[in-house]
Asker: 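Have a look at this one.
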Amino acid sequence: MPTFLPVYALSHLASGCRTILDFGCGLGHSSFVMNRLAPDAQVVCADYSFTSLYLAKRFLVPNSPC
């Protein structure tokens, strides 16, 4: 995914956050990384595509609200 690389480079900013909004999460690749790097934070996924949100919730970030 082309948007994954900037998120990975800026992921150090997520440490110490309590809630992270991934607006336009797509399939949830960035949400997965944020969930791994900041395990105590709640990652909230938002996207216009129901199918993408379903796949993100089902496979990549099952414990996050979508």
Side-chain angles (χ1 to χ4, degrees):
M1 299 301 290
T3 59
F4 178 74
L5 292 176
V7 169
Y8 187 73
L10 296 173
S11 60
H12 69 280
L13 298 173
S15 62
C17 293
R18 300 178 89 184
T19 305
I20 300 170
L21 173 63
D22 188 2
F23 190 75
C25 70
L27 295 176
H29 295 100
S30 302
S31 301
F32 178 78
V33 170
M34 293 297 158
N35 199 12
R36 295 292 177 189
L37 295 176
D40 54 338
Q42 180 181 18
V43 179
V44 179
C45 302
D47 200 283
Y48 68 91
S49 171
F50 174 78
T51 306
S52 295
L53 285 175
Y54 174 77
L55 293 173
K57 180 76 172 173
R58 177 89 166 112
F59 296 108
L60 290 170
V61 282
N63 297 328
S64 297
C66 293

Asker: What is the distance from atom SG of C45 to atom CZ of F32, rounded to the nearest 0.5 Å?
Answerer: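 Output value for this atom pair is 12.0 Å.
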Asker: By side-chain contact (heavy atoms from CB on, under 4.5 Å), which residues pair with P65, not counting sequence neighbours?
Answerer: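 Here the qualifying residues are Q42, V44.
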Asker: To the closest 0.5 Å, what do you measure between CG (L37) and SG (C17)?
Answerer: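 Here the rounded value is 11.5 Å.
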Asker: For L53, which fellow cluster members are found when Ile, Leu, Val, Met, Phe, Trp and Tyr are connected by side-chain heavy-atom distances below 4.5 angstrom, either directly or through intermediates?
Answerer: none
Asker: Table please: side-chain donor-acceptor pairs of residues 19-28 below 3.5 Å, with sequence neighbours left out.
Answerer:
from	atom 1	to	atom 2	distance (Å)
D22	OD2	S31	N	3.3
D22	OD2	S31	OG	2.5

Asker: If you take all heavy atoms of A41 and N35, which pair is closest and at what distance?
Answerer: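 Here A41 and N35 meet closest at O-OD1, 4.4 Å.
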Asker: side-chain hydrogen bond (donor to acceptor under 3.5 Å, both in side chains): which pairs involve residues 50-60, sequence neighbours left out?
Answerer: S49-S52
